[in-house]
There are 2 protein chains.
Amino acid sequence: MARPQEFDTNDALGKALQVFWDKGYEGTTLADLTEATGLSKSSLYGTFGDKRTLFLAAYDSYRAARAQQMKITFQQENARDAIALFFAKIIDDAASGSVSKGCMSTNQAVELAPHDAVIRERVESDFKLIETAFADAIKRGQEQGSIQSKQDAQLLAQMLIIAFPGLQVMVRAGASADSLEGGLNMMLSILD
Amino acid sequence: MARPQEFDTNDALGKALQVFWDKGYEGTTLADLTEATGLSKSSLYGTFGDKRTLFLAAYDSYRAARAQQMKITFQQENARDAIALFFAKIIDDAASGSVSKGCMSTNQAVELAPHDAVIRERVESDFKLIETAFADAIKRGQEQGSIQSKQDAQLLAQMLIIAFPGLQVMVRAGASADSLEGGLNMMLSILD
DNA sequence: AATATTCTGGACCAACCGGTCCGGAATGTG
DNA sequence: CACATTCCGGACCGGTTGGTCCAGAATATT
(Lines give C-alpha, C1' and ligand atoms only; values in the text may rest on other atoms or scores of the structure.)
Protein backbone atom coordinates (compact mmCIF):
# COMPACT_ATOMS: atom_id res chain seq x y z
CA MET A 1 0.00 0.00 0.00
CA ALA A 2 2.67 2.45 0.99
CA ARG A 3 6.09 2.98 -0.36
CA PRO A 4 8.57 1.33 1.99
CA GLN A 5 11.35 3.23 3.71
CA GLU A 6 14.45 3.01 1.56
CA PHE A 7 16.95 3.35 4.36
CA ASP A 8 17.50 1.41 7.54
CA THR A 9 16.36 3.46 10.49
CA ASN A 10 18.76 1.88 12.91
CA ASP A 11 21.63 2.30 10.53
CA ALA A 12 20.85 5.98 10.09
CA LEU A 13 20.56 6.41 13.84
CA GLY A 14 23.95 4.80 14.22
CA LYS A 15 25.50 7.15 11.69
CA ALA A 16 23.97 10.14 13.43
CA LEU A 17 25.27 8.84 16.73
CA GLN A 18 28.83 8.77 15.44
CA VAL A 19 28.64 12.45 14.60
CA PHE A 20 27.07 13.51 17.88
CA TRP A 21 29.57 11.39 19.75
CA ASP A 22 32.47 12.94 17.95
CA LYS A 23 31.41 16.57 17.72
CA GLY A 24 28.98 16.97 20.59
CA TYR A 25 25.52 18.42 20.35
CA GLU A 26 26.25 22.04 19.59
CA GLY A 27 29.13 21.16 17.34
CA THR A 28 26.94 19.04 15.11
CA THR A 29 24.94 20.77 12.38
CA LEU A 30 22.04 19.39 10.42
CA ALA A 31 24.34 19.43 7.40
CA ASP A 32 26.71 17.11 9.27
CA LEU A 33 23.82 14.78 9.98
CA THR A 34 22.44 14.65 6.45
CA GLU A 35 25.93 14.06 5.12
CA ALA A 36 26.68 11.27 7.58
CA THR A 37 23.37 9.51 7.14
CA GLY A 38 22.95 10.20 3.44
CA LEU A 39 19.41 11.30 4.15
CA SER A 40 17.69 14.52 3.29
CA LYS A 41 16.43 16.87 5.93
CA SER A 42 12.86 15.86 5.43
CA SER A 43 13.59 12.16 5.80
CA LEU A 44 15.63 12.85 8.89
CA TYR A 45 12.92 15.01 10.33
CA GLY A 46 10.05 12.77 9.39
CA THR A 47 11.74 9.80 10.96
CA PHE A 48 13.36 11.24 14.04
CA GLY A 49 11.83 14.62 14.76
CA ASP A 50 13.96 17.64 15.52
CA LYS A 51 17.66 17.79 16.32
CA ARG A 52 17.28 17.37 20.02
CA THR A 53 14.92 14.41 19.70
CA LEU A 54 17.30 12.76 17.27
CA PHE A 55 20.15 13.41 19.65
CA LEU A 56 18.30 11.82 22.53
CA ALA A 57 17.41 8.78 20.42
CA ALA A 58 21.01 8.40 19.31
CA TYR A 59 22.31 8.91 22.82
CA ASP A 60 19.88 6.38 24.22
CA SER A 61 20.91 3.80 21.64
CA TYR A 62 24.50 4.46 22.65
CA ARG A 63 23.64 4.02 26.31
CA ALA A 64 21.82 0.77 25.70
CA ALA A 65 24.69 -0.62 23.64
CA ARG A 66 27.26 0.38 26.24
CA ALA A 67 25.22 -1.05 29.07
CA GLN A 68 25.00 -4.31 27.17
CA GLN A 69 28.75 -4.35 26.51
CA MET A 70 29.43 -3.67 30.14
CA LYS A 71 27.16 -6.44 31.25
CA ILE A 72 29.04 -8.88 29.06
CA THR A 73 32.40 -7.66 30.33
CA PHE A 74 31.33 -8.17 33.92
CA GLN A 75 30.18 -11.69 33.20
CA GLN A 76 33.84 -12.62 33.24
CA GLU A 77 34.14 -15.23 35.95
CA ASN A 78 37.10 -13.67 37.71
CA ALA A 79 35.73 -10.41 39.10
CA ARG A 80 39.04 -8.67 39.38
CA ASP A 81 39.83 -9.56 35.77
CA ALA A 82 36.44 -8.21 34.75
CA ILE A 83 37.19 -4.84 36.31
CA ALA A 84 40.64 -4.73 34.76
CA LEU A 85 39.20 -5.68 31.39
CA PHE A 86 36.57 -2.98 31.63
CA PHE A 87 39.26 -0.34 32.05
CA ALA A 88 41.61 -1.94 29.57
CA LYS A 89 38.98 -1.53 26.88
CA ILE A 90 38.91 2.19 27.51
CA ILE A 91 42.65 2.42 27.13
CA ASP A 92 42.61 0.25 24.03
CA ASP A 93 40.43 2.93 22.53
CA ALA A 94 43.32 5.36 22.99
CA ALA A 95 45.77 2.96 21.41
CA SER A 96 43.72 2.38 18.28
CA GLY A 97 45.02 4.70 15.60
CA SER A 98 41.85 6.61 14.83
CA VAL A 99 40.79 9.64 16.81
CA SER A 100 39.24 8.60 20.08
CA LYS A 101 35.82 9.92 20.94
CA GLY A 102 35.91 8.88 24.55
CA CYS A 103 32.68 8.08 26.35
CA MET A 104 29.62 9.95 25.21
CA SER A 105 28.14 10.17 28.69
CA THR A 106 31.36 11.67 29.96
CA ASN A 107 31.36 14.12 27.08
CA GLN A 108 27.79 15.06 27.81
CA ALA A 109 28.53 15.43 31.50
CA VAL A 110 30.71 18.31 30.38
CA GLU A 111 28.72 19.73 27.48
CA LEU A 112 25.01 19.61 28.19
CA ALA A 113 24.49 18.17 31.66
CA PRO A 114 25.23 21.38 33.58
CA HIS A 115 22.40 23.23 31.83
CA ASP A 116 20.06 20.47 30.77
CA ALA A 117 18.26 18.46 33.41
CA VAL A 118 17.11 15.75 30.99
CA ILE A 119 20.64 15.02 29.90
CA ARG A 120 21.98 15.31 33.40
CA GLU A 121 19.58 12.67 34.59
CA ARG A 122 20.78 10.27 31.92
CA VAL A 123 24.42 10.96 32.64
CA GLU A 124 23.96 10.43 36.35
CA SER A 125 22.07 7.26 35.70
CA ASP A 126 24.91 5.97 33.52
CA PHE A 127 27.54 6.67 36.12
CA LYS A 128 25.37 5.09 38.77
CA LEU A 129 24.95 1.99 36.64
CA ILE A 130 28.69 1.61 36.28
CA GLU A 131 29.31 2.28 39.94
CA THR A 132 26.81 -0.41 40.87
CA ALA A 133 28.46 -2.85 38.48
CA PHE A 134 31.78 -2.07 40.15
CA ALA A 135 30.34 -2.59 43.61
CA ASP A 136 28.74 -5.89 42.65
CA ALA A 137 31.92 -7.12 41.02
CA ILE A 138 33.99 -6.12 44.03
CA LYS A 139 31.69 -7.94 46.42
CA ARG A 140 31.79 -10.96 44.19
CA GLY A 141 35.57 -10.77 43.95
CA GLN A 142 35.92 -10.49 47.69
CA GLU A 143 33.81 -13.60 48.10
CA GLN A 144 35.61 -15.59 45.45
CA GLY A 145 39.04 -14.37 46.49
CA SER A 146 40.05 -12.66 43.26
CA ILE A 147 39.90 -9.39 45.16
CA GLN A 148 41.82 -9.62 48.38
CA SER A 149 41.20 -6.17 49.80
CA LYS A 150 38.82 -6.17 52.72
CA GLN A 151 37.92 -2.54 52.19
CA ASP A 152 34.29 -1.59 51.88
CA ALA A 153 33.07 -2.54 48.41
CA GLN A 154 30.98 0.60 48.05
CA LEU A 155 33.94 2.85 48.79
CA LEU A 156 36.15 0.96 46.38
CA ALA A 157 33.45 1.35 43.73
CA GLN A 158 33.29 5.07 44.45
CA MET A 159 36.99 5.24 43.81
CA LEU A 160 36.74 3.42 40.51
CA ILE A 161 33.83 5.53 39.30
CA ILE A 162 36.04 8.59 39.68
CA ALA A 163 38.69 6.96 37.54
CA PHE A 164 36.23 6.16 34.80
CA PRO A 165 35.53 9.67 33.47
CA GLY A 166 39.13 10.54 34.24
CA LEU A 167 40.39 7.94 31.84
CA GLN A 168 37.77 8.82 29.26
CA VAL A 169 38.75 12.48 29.30
CA MET A 170 42.41 11.60 28.99
CA VAL A 171 41.69 9.35 26.05
CA ARG A 172 39.63 12.00 24.32
CA ALA A 173 42.34 14.57 24.92
CA GLY A 174 44.79 12.31 23.15
CA ALA A 175 46.77 10.77 26.01
CA SER A 176 48.84 7.73 25.11
CA ALA A 177 47.85 4.28 26.29
CA ASP A 178 51.22 3.83 27.96
CA SER A 179 50.90 6.85 30.18
CA LEU A 180 47.46 5.73 31.33
CA GLU A 181 48.23 2.09 32.00
CA GLY A 182 50.70 2.78 34.75
CA GLY A 183 48.35 4.94 36.72
CA LEU A 184 45.45 2.61 36.19
CA ASN A 185 47.34 -0.44 37.38
CA MET A 186 48.45 1.46 40.41
CA MET A 187 44.87 2.26 41.26
CA LEU A 188 43.69 -1.28 40.66
CA SER A 189 46.43 -2.57 42.91
CA ILE A 190 44.40 -1.29 45.82
CA LEU A 191 42.04 -4.19 45.16
CA ASP A 192 44.77 -6.67 46.06
CA MET B 1 45.47 63.44 24.40
CA ALA B 2 43.29 60.45 23.88
CA ARG B 3 40.13 59.45 25.56
CA PRO B 4 40.95 56.83 28.18
CA GLN B 5 39.42 53.38 28.14
CA GLU B 6 36.35 53.42 30.31
CA PHE B 7 36.43 49.77 31.30
CA ASP B 8 39.04 47.63 32.96
CA THR B 9 40.50 45.24 30.43
CA ASN B 10 41.33 42.57 32.95
CA ASP B 11 37.93 42.83 34.51
CA ALA B 12 36.25 42.39 31.15
CA LEU B 13 38.48 39.44 30.37
CA GLY B 14 37.48 37.89 33.67
CA LYS B 15 33.81 38.34 32.90
CA ALA B 16 34.25 36.78 29.48
CA LEU B 17 36.14 33.91 31.07
CA GLN B 18 33.24 33.11 33.35
CA VAL B 19 30.95 32.70 30.37
CA PHE B 20 33.36 30.56 28.34
CA TRP B 21 34.08 28.47 31.40
CA ASP B 22 30.41 27.91 32.05
CA LYS B 23 29.06 27.47 28.55
CA GLY B 24 32.05 26.31 26.57
CA TYR B 25 33.28 27.83 23.34
CA GLU B 26 30.51 26.88 20.94
CA GLY B 27 27.85 27.45 23.54
CA THR B 28 28.93 31.05 24.06
CA THR B 29 27.62 33.69 21.67
CA LEU B 30 28.91 37.19 21.15
CA ALA B 31 25.66 38.37 22.70
CA ASP B 32 26.51 36.42 25.85
CA LEU B 33 29.89 38.10 25.93
CA THR B 34 28.64 41.64 25.44
CA GLU B 35 26.01 41.08 28.09
CA ALA B 36 28.49 39.65 30.60
CA THR B 37 31.13 42.30 30.05
CA GLY B 38 28.77 45.20 29.50
CA LEU B 39 30.79 46.14 26.44
CA SER B 40 29.65 46.67 22.90
CA LYS B 41 30.81 44.46 20.10
CA SER B 42 33.19 47.05 18.78
CA SER B 43 34.85 47.57 22.14
CA LEU B 44 35.16 43.86 22.62
CA TYR B 45 36.51 43.43 19.16
CA GLY B 46 38.87 46.36 19.28
CA THR B 47 40.33 45.21 22.56
CA PHE B 48 40.50 41.47 22.19
CA GLY B 49 40.14 40.58 18.53
CA ASP B 50 37.78 37.91 17.35
CA LYS B 51 35.95 35.31 19.40
CA ARG B 52 38.65 32.70 19.24
CA THR B 53 41.39 35.14 20.21
CA LEU B 54 39.31 36.35 23.12
CA PHE B 55 38.69 32.78 24.15
CA LEU B 56 42.38 31.98 24.10
CA ALA B 57 43.20 35.08 26.13
CA ALA B 58 40.52 34.23 28.68
CA TYR B 59 41.61 30.60 28.80
CA ASP B 60 45.25 31.57 29.26
CA SER B 61 44.37 33.89 32.10
CA TYR B 62 42.47 31.03 33.68
CA ARG B 63 45.42 28.71 33.24
CA ALA B 64 47.83 31.18 34.78
CA ALA B 65 45.56 31.77 37.76
CA ARG B 66 45.06 28.07 38.33
CA ALA B 67 48.75 27.32 38.02
CA GLN B 68 49.42 29.98 40.62
CA GLN B 69 46.77 28.59 42.96
CA MET B 70 48.19 25.13 42.56
CA LYS B 71 51.67 26.33 43.30
CA ILE B 72 50.47 27.85 46.54
CA THR B 73 48.58 24.72 47.51
CA PHE B 74 51.65 22.59 47.00
CA GLN B 75 53.75 24.87 49.17
CA GLN B 76 52.03 23.24 52.11
CA GLU B 77 54.81 21.77 54.17
CA ASN B 78 53.27 18.36 54.59
CA ALA B 79 53.28 16.92 51.07
CA ARG B 80 50.54 14.42 51.66
CA ASP B 81 48.33 17.17 53.10
CA ALA B 82 49.07 19.30 50.06
CA ILE B 83 47.82 16.60 47.73
CA ALA B 84 44.74 16.01 49.83
CA LEU B 85 44.07 19.74 49.95
CA PHE B 86 44.42 20.04 46.21
CA PHE B 87 41.68 17.47 45.70
CA ALA B 88 39.57 18.74 48.58
CA LYS B 89 39.33 22.11 46.86
CA ILE B 90 37.84 20.46 43.81
CA ILE B 91 35.21 18.76 45.89
CA ASP B 92 34.49 21.94 47.83
CA ASP B 93 33.52 23.38 44.50
CA ALA B 94 30.78 20.77 44.27
CA ALA B 95 29.58 21.52 47.78
CA SER B 96 29.22 25.25 47.23
CA GLY B 97 25.61 25.96 46.35
CA SER B 98 26.11 27.61 42.99
CA VAL B 99 26.39 25.63 39.80
CA SER B 100 29.83 24.13 39.44
CA LYS B 101 31.74 24.79 36.29
CA GLY B 102 34.41 22.19 36.90
CA CYS B 103 37.88 22.69 35.45
CA MET B 104 38.07 24.59 32.21
CA SER B 105 40.97 22.53 30.90
CA THR B 106 39.02 19.36 31.56
CA ASN B 107 36.01 20.85 29.82
CA GLN B 108 38.13 21.82 26.87
CA ALA B 109 39.73 18.39 26.76
CA VAL B 110 36.24 17.24 25.88
CA GLU B 111 34.98 20.08 23.74
CA LEU B 112 37.72 21.48 21.56
CA ALA B 113 40.88 19.47 22.13
CA PRO B 114 39.93 16.53 19.90
CA HIS B 115 39.64 18.77 16.85
CA ASP B 116 41.84 21.71 17.70
CA ALA B 117 45.58 21.20 18.03
CA VAL B 118 46.21 24.57 19.66
CA ILE B 119 43.75 23.86 22.45
CA ARG B 120 44.92 20.28 22.78
CA GLU B 121 48.46 21.44 23.34
CA ARG B 122 47.35 23.72 26.17
CA VAL B 123 45.21 21.03 27.75
CA GLU B 124 48.01 18.50 27.63
CA SER B 125 50.41 21.03 29.06
CA ASP B 126 48.03 21.71 31.95
CA PHE B 127 47.63 18.05 32.79
CA LYS B 128 51.36 17.58 32.55
CA LEU B 129 51.94 20.47 34.92
CA ILE B 130 49.63 18.94 37.50
CA GLU B 131 51.14 15.51 37.08
CA THR B 132 54.59 16.93 37.64
CA ALA B 133 53.41 18.75 40.74
CA PHE B 134 51.99 15.45 41.99
CA ALA B 135 55.23 13.61 41.29
CA ASP B 136 57.32 16.25 43.01
CA ALA B 137 55.04 16.30 46.03
CA ILE B 138 55.08 12.52 46.26
CA LYS B 139 58.87 12.39 46.16
CA ARG B 140 59.02 15.07 48.77
CA GLY B 141 56.48 13.26 50.90
CA GLN B 142 58.37 10.02 50.63
CA GLU B 143 61.50 11.76 51.80
CA GLN B 144 59.84 13.59 54.65
CA GLY B 145 57.75 10.60 55.68
CA SER B 146 54.32 12.09 55.17
CA ILE B 147 53.85 9.61 52.33
CA GLN B 148 54.75 6.15 53.44
CA SER B 149 54.21 4.23 50.24
CA LYS B 150 57.43 3.14 48.59
CA GLN B 151 55.78 2.86 45.21
CA ASP B 152 57.32 4.69 42.26
CA ALA B 153 56.44 8.38 42.55
CA GLN B 154 55.88 8.73 38.83
CA LEU B 155 53.38 5.90 38.77
CA LEU B 156 51.55 7.28 41.76
CA ALA B 157 51.38 10.65 40.02
CA GLN B 158 49.99 8.97 36.91
CA MET B 159 47.27 7.51 39.08
CA LEU B 160 46.38 10.85 40.60
CA ILE B 161 46.32 12.64 37.26
CA ILE B 162 43.62 10.21 36.14
CA ALA B 163 41.57 11.07 39.19
CA PHE B 164 41.83 14.78 38.52
CA PRO B 165 39.63 15.07 35.41
CA GLY B 166 37.46 12.32 36.83
CA LEU B 167 36.57 14.40 39.84
CA GLN B 168 36.16 17.53 37.73
CA VAL B 169 33.70 15.82 35.42
CA MET B 170 31.74 14.46 38.35
CA VAL B 171 31.57 17.89 39.91
CA ARG B 172 30.41 19.48 36.68
CA ALA B 173 27.80 16.79 36.23
CA GLY B 174 26.41 17.65 39.63
CA ALA B 175 27.72 14.87 41.85
CA SER B 176 27.48 15.49 45.58
CA ALA B 177 30.58 16.15 47.63
CA ASP B 178 29.77 13.23 49.90
CA SER B 179 29.73 10.66 47.15
CA LEU B 180 33.10 11.87 45.89
CA GLU B 181 34.92 12.11 49.19
CA GLY B 182 34.75 8.43 49.95
CA GLY B 183 36.24 7.36 46.66
CA LEU B 184 38.88 10.04 46.79
CA ASN B 185 40.05 9.10 50.28
CA MET B 186 40.22 5.50 49.21
CA MET B 187 42.49 6.43 46.37
CA LEU B 188 44.67 8.64 48.50
CA SER B 189 45.03 5.85 51.02
CA ILE B 190 47.36 4.18 48.57
CA LEU B 191 49.88 6.85 49.47
CA ASP B 192 50.04 5.51 53.02
C1' DA C 1 -2.27 -0.62 -15.32
C1' DA C 2 -4.40 2.57 -12.29
C1' DT C 3 -4.40 4.39 -7.86
C1' DA C 4 -3.65 5.71 -3.24
C1' DT C 5 -0.17 6.29 -0.18
C1' DT C 6 4.21 7.48 1.49
C1' DC C 7 8.88 8.67 0.83
C1' DT C 8 12.31 12.07 -0.55
C1' DG C 9 15.03 16.04 -2.46
C1' DG C 10 15.56 20.54 -2.36
C1' DA C 11 13.58 25.19 -2.27
C1' DC C 12 12.47 28.16 1.13
C1' DC C 13 12.23 30.64 5.70
C1' DA C 14 13.08 33.48 9.79
C1' DA C 15 16.37 33.84 13.29
C1' DC C 16 20.83 34.03 14.76
C1' DC C 17 25.70 33.59 14.10
C1' DG C 18 30.40 36.03 14.11
C1' DG C 19 32.26 40.04 12.30
C1' DT C 20 32.67 44.97 10.13
C1' DC C 21 32.10 49.74 10.05
C1' DC C 22 30.90 54.41 10.78
C1' DG C 23 29.23 58.55 12.94
C1' DG C 24 28.78 60.78 17.09
C1' DA C 25 30.13 61.20 21.99
C1' DA C 26 33.65 61.81 25.34
C1' DT C 27 38.02 63.46 26.97
C1' DG C 28 43.04 65.04 27.74
C1' DT C 29 46.01 68.56 25.83
C1' DG C 30 47.46 73.05 24.36
C1' DC D 1 37.84 76.81 24.70
C1' DA D 2 39.12 74.33 20.57
C1' DC D 3 41.05 70.44 18.80
C1' DA D 4 42.93 65.92 17.95
C1' DT D 5 42.28 61.52 19.33
C1' DT D 6 40.09 57.59 20.92
C1' DC D 7 36.09 55.18 22.52
C1' DC D 8 31.77 53.13 21.80
C1' DG D 9 26.72 52.11 20.47
C1' DG D 10 24.36 50.20 17.15
C1' DA D 11 23.26 49.65 12.25
C1' DC D 12 24.58 46.61 8.99
C1' DC D 13 26.37 42.38 6.52
C1' DG D 14 26.78 37.76 4.40
C1' DG D 15 26.63 33.18 5.84
C1' DT D 16 24.80 29.49 8.54
C1' DT D 17 21.65 27.72 11.73
C1' DG D 18 17.55 24.66 12.79
C1' DG D 19 13.24 23.88 10.83
C1' DT D 20 9.07 23.80 7.32
C1' DC D 21 6.88 22.58 3.24
C1' DC D 22 5.60 21.04 -1.17
C1' DA D 23 5.86 18.85 -5.64
C1' DG D 24 7.06 14.86 -7.70
C1' DA D 25 9.04 10.13 -7.62
C1' DA D 26 8.40 5.47 -6.10
C1' DT D 27 5.81 1.50 -4.88
C1' DA D 28 2.28 -2.06 -2.83
C1' DT D 29 -2.24 -2.96 -3.65
C1' DT D 30 -6.17 -3.73 -6.51
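These figures come from a predicted structure and were not determined experimentally. Chain identifiers are assigned alphabetically (A, B, ...) following the order of the sequence lines, protein sequences preceding nucleic acid strands; residue numbering begins at 1 within each chain.
The OH-C1' distance, from A:Tyr45 to D:dC22, rounds to 17 Å in whole Å. Protein atom CG of A:Leu39 is 13 Å distant from nucleotide atom P of C:dG10, rounded to whole Å. Here C:dC17 presents its P atom at 11 Å from CG of B:Leu33, a figure rounded to the nearest Å. Rounded to whole Å, the distance from CZ on A:Phe48 to P on C:dT8 is 11 Å. One can place CD of A:Gln5 at 12 Å from P of C:dG9, the figure rounded to the nearest angstrom. Rounded to whole Å, atom P of D:dT16 lies 14 Å from atom NZ of A:Lys23. Rounded to whole Å, atom C1' of D:dC21 lies 16 Å from atom CG of A:Leu44. For A:Glu6 and D:dT27, the CD to C1' distance is 9 Å, given to the nearest whole Å.
Between B:Phe7 and B:Thr37 the shortest side-chain heavy-atom distance does not fall below 4.5 Å.
If you check C:dC21, D:dG18, C:dG9 against the side chain of A:Thr29, the one that comes closest is D:dG18. Proximity note for A:Ser43 (side chain, C-beta onward) versus C:dG9, D:dG19, C:dG19: the nearest is C:dG9. Distance from the side chain of B:Leu30 is smallest to C:dG18 among D:dA26, C:dG18, C:dT20. When each of C:dG18, D:dC8, C:dC12 is scored by its nearest atom to the side-chain atoms of A:Lys41, the top-ranked nucleotide is C:dC12. Between D:dG19, D:dC8, C:dG18, one nucleotide has an atom nearer to the side chain of B:Phe7 than all others, and that is D:dC8.
With hydrogens and angles disregarded, no donor-acceptor distance shorter than 3.5 Å links the side chain of A:Tyr25 to the backbone of A:Leu112. Between the side chain of A:Glu131 and the main chain of A:Ile161, no donor-acceptor pair closer than 3.5 Å is present.
Expressed to the nearest 0.5 Å, how far CG of A:Asp22 lies from OG1 of A:Thr28 amounts to 7.5 Å.
With ring centers used as reference points, A:Phe86 lies under 6.0 Å from A:Phe74.
Residue-to-nucleotide contacts include no donor-acceptor pair under 3.5 Å from the side chain of A:Ser40 to the base of C:dG10.
Each of A:Lys51 and B:Ser42 was assigned the nucleotide of DNA chain D with the nearest heavy atom; the assignment lying further toward the 5' end belongs to B:Ser42.
Backbone-only engagement by B:Thr28 is indicated by non-hydrogen atom pairs under 4.0 Å involving sugar-phosphate atoms exclusively.
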